[in-house]
Amino acid sequence: MSAKKWLLVGIFTLLSLSLAIAAPPAVHPTTGKPLVIDCLRGTPDAIDGDLSDWNLAAMTPAVLVTQEQLNEGQASWDGPGDCSGEFYLLWDDENIYIAVVVKDDKLSMNKSGGNIWNADCIEIFFSTTNAVGGHAEHYQYGFNANEQKWLWDDMEGAGRAVDYLQIASSITADGYICEVSIPYGEITPLDWSVGNVIGFHPVIDDTDNGDREIQMTWTSRAAHDQSLGFGHIFLSSDAAIEKELSNNPSPANGAEDVPRDVVFSWEPGEFAAPTNGHKVYFGESFNDVNDATGGVAQDANSYTPAQRLDFGTTYYWRIDEVNAPPTSQIEFKGEVWSFTTEPIAYPVENITATASSTHQADAGPENSINGLGLDANDLHSIEPADMWLSGDEPNGAWIEYELDKVHKLHEMWVWNHNGMLESVLGFGFKDVTIEYSTNGTDYTTLGTTHEFARAPGTVDYAHNT
């Protein structure tokens with residue numbers, strides 16, 4: 001009986017704990033709407049304080065602008081021109097990017113180190129989605145328009161300067177901009193993967209002269225108050241593209257090894273007309289495609305080139321969208337995407353080499369296929385151990401390559417023996433018979449005897465047969 005009571009207590013304890021973990025996002029103090037934004041995929045061209053390379057129109061920022069979002073300083077706040085801001089987020093395979101556009105009628109950054117919060121400063125929190133007290137489940141970063149930076153909390157309780165946070169700022173007519181990059185490999189307790197949700201809380205600290213007078217927060221609560229949860233960011237797989245534009249291209253932008261008979265497809269913009277709603281531009285020149293007008297009108301969001309594409313060629317394409325009536329003439333110029341078609345041939349892998357004999361153990365036939373002695377430009381060394389050398393074969397030496405399956409061969413490159421004494425003694429092959437077989441037993445001779453060019457016996461030897 002006692003054991004059963006303890007078992008039930010244990011079950012109820014676990015249930016109440018699990019309910020405490022799944023906290024909903026905080027809500028806006030005025031509208032009551034959940035504080036949730038999508039963090040779209042994208043990479044700024046540079047962290048330089050210039051946001052012209054951010055497609056801000058495609059993004060939903062966290063906005064701090066209402067009096068109800070003031071945690072302190074209500075009496076000294078003169079409106080959005082005195083203190084307000086928008087926080088934009090992007091992410092890629094390595095970093096989370098933050099762009100902050102602040103309105104501030106008087107800048108004052110008179111503090112340093114861990115005290116930068118006590119003047120004009122931005123605070124950013126990344127956290128679990130738990131509603132918890134204390135500082136144990138969030139990272140708290142700070143930075144300002146003087147490009148000072150600090151980390152107060154890192155889920156281990158250590159405050160310190162952070163070299164890995166990159167920041168660049170610019171002063172504007174009505175405030176300032178901060179552009180920041182943080183490698184999320186430094187925030188390992190949180191799961192930075194597509195579809196996951198990360199706790200997020202942006203804060204603006206402000207003073208006109210002296211110590212902090214105003215703190216404006218997304219939730220309206222104190223900056224580090226996670227007791228009711230923070231807002232949320234959703235790590236999206238979607239690129240930061242305006243809803244009017246075509247997006248999600250196939251082949252993907254930058255794709256390689258694309259089949260020559262490719263059919264283009266894309267997701268249409270939100271307002272594309274059902275008839276002739278897309279205009280396709282396609283060619284081998286970025287400038288030609290980017291600057292072109294007219295285009296090929298398409299009903300469907302797919303396009304098949306008139307003929308098969310060339311091997312190993314980079315192509316560029318663009319899709320403009322035409323609005324449905326009544327604004328049918330409005331076109332939204334799309335981004336220029338690119339891809340590279342499949343090469344005419346691929347290196348054959350998984351080859352086994354055997355030979356009639358080997359002069360010494362470290363110069364076996366495997367050296368003729370394993371890349372030994374070749375540099376990044378396919379130039380060969382003069383080291384004997386980087387090559388194959390046959391033993392004495394009165395009737396002629398042979399080497400055989402067994403491939404993993406039947407292949408249609410395009411070409412074979414030959415580096416002949418390239419030792420330092422090659423020009424004097426000549427260890428390389430000269431007259432060679434080439435045979436091929438699909439079963440390893442029945443061989444067919446390829447042409448007549450082939451003459452392999454002599455190696456120079458010098459470093460940086462390029463294949464010459």
Side-chain angles (χ1 to χ4, degrees), residues 38-46 48 50-60 88 90-93 97 99 194 236-346:
D38 287 339
C39 182
L40 300 176
R41 299 282 290 183
T43 304
D45 294 339
D48 55 8
D50 180 356
L51 303 185
S52 60
D53 53 344
W54 288 61
N55 194 353
L56 299 181
M59 305 164 66
T60 302
Y88 298 86
L90 287 172
W91 75 303
D92 58 21
D93 291 337
Y97 302 96
V194 172
S236 175
S237 61
D238 294 335
I241 298 176
E242 297 174 53
K243 61 184 179 180
E244 296 89 352
L245 302 183
S246 56
N247 60 88
N248 196 23
S250 178
N253 188 31
E256 298 181 349
D257 202 21
V258 174
R260 297 168 62 211
D261 55 356
V262 62
V263 176
F264 303 161
S265 65
W266 60 92
E267 290 185 10
E270 184 172 339
F271 308 116
T275 303
N276 292 335
H278 319 286
K279 292 187 175 180
V280 181
Y281 304 85
F282 172 58
E284 297 182 32
S285 166
F286 173 87
N287 290 334
D288 289 349
V289 171
N290 184 60
D291 300 338
T293 58
V296 178
Q298 292 285 112
D299 293 340
N301 53 313
S302 64
Y303 172 75
T304 303
Q307 57 190 20
R308 295 182 73 181
L309 307 182
D310 293 333
F311 285 112
T313 302
T314 297
Y315 291 94
Y316 300 89
W317 60 301
R318 172 185 126 211
I319 306 297
D320 290 358
E321 300 289 65
V322 180
N323 262 9
T327 56
S328 301
Q329 299 305 310
I330 295 179
E331 295 183 16
F332 295 95
K333 182 180 178 180
E335 295 186 2
V336 177
W337 300 313
S338 69
F339 64 90
T340 303
T341 52
E342 57 191 331
I344 194 170
Y346 299 86

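Side chain of D320 to main chain of E331: no donor-acceptor pair is present (N/O by atom type, distance under 3.5 Å, no hydrogens or angles). At distances below 3.5 Å, at least one donor-acceptor pair connects side-chain atoms of R260 with backbone N or O atoms of L309. Side chain of D53 to backbone of D45: a donor-acceptor contact under 3.5 angstrom is found. Not a single donor-acceptor pair under 3.5 Å links the side chain of K333 to the backbone N or O of R318. Listed for the T341 side chain is a donor-acceptor partner under 3.5 Å among the backbone atoms of G312. Formation of a donor-acceptor pair under 3.5 Å by the Y281 side chain with backbone atoms of Y316 is not found in this model.
Proximity of R41 to W91: side-chain heavy atoms (C-beta onward) are separated by under 4.5 Å at one or more points. Here the side chains of W54 and P44 are in contact, with some heavy-atom distance below 4.5 Å. Between W337 and I319, the closest side-chain pair of non-hydrogen atoms falls below 4.5 Å.
Taking each heavy atom of P343 and D257 in turn, the nearest pair found is CD-OD1, 3.6 Å. Between H278 and P268 the shortest heavy-atom distance is CE1-CB, 3.4 Å. Looking at every heavy atom in both residues, W266 comes nearest to A300 through CZ2-O, 3.9 Å. I344 approaches F311 most closely through the heavy-atom pair CA-CD2, 3.6 Å. Summarising the geometry of V336 relative to N290, their closest heavy-atom pair is CG2-OD1, 3.6 Å, with the distance given to 0.1 Å. What you find for D92 and G42 is that their closest heavy atoms are CB-O, 4.0 Å.
Y88 contributes atom OH, which lies 11.0 Å from atom CG of N55 (distance to the nearest 0.5 angstrom). Atom OG1 in T314 sits 9.0 Å away from atom CD in E284 (nearest 0.5 Å). Here the straight-line distance linking atom CZ of F286 with atom CG of D291 works out to 8.0 Å at 0.5 Å rounding. One finds the OG atom of S246 at 8.0 Å from the CD atom of E335 (value rounded to the nearest 0.5 Å).
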Checking D50 against S52 for the side chain to side chain donor-acceptor pair (under 3.5 Å) test, could you report, in this order, the C-alpha distance in whole Å, the side-chain angles of both residues, the deciding distance, and whether it holds? CA-CA 6 Å; D50 180 356; S52 60; 3.1 Å; yes
CA sep, side-chain torsions, deciding dist, call: S236, D38, side chain to side chain donor-acceptor pair (under 3.5 Å): CA-CA 6 Å; S236 175; D38 287 339; 5.4 Å; no
Checking L90 against C39 for the side-chain contact (heavy atoms from CB on, under 4.5 Å) test, could you report, in this order, the C-alpha distance in whole Å, the side-chain angles of both residues, the deciding distance, and whether it holds? CA-CA 5 Å; L90 287 172; C39 182; 5.5 Å; no
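Applying the side-chain hydrogen bond (donor to acceptor under 3.5 Å, both in side chains) criterion to W317, with sequence neighbours excluded, gives no partner residue.
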Show which side-chain atoms of residues 269-276 pair as donor or acceptor with protein atoms under 3.5 Å away, not counting sequence neighbours.
none

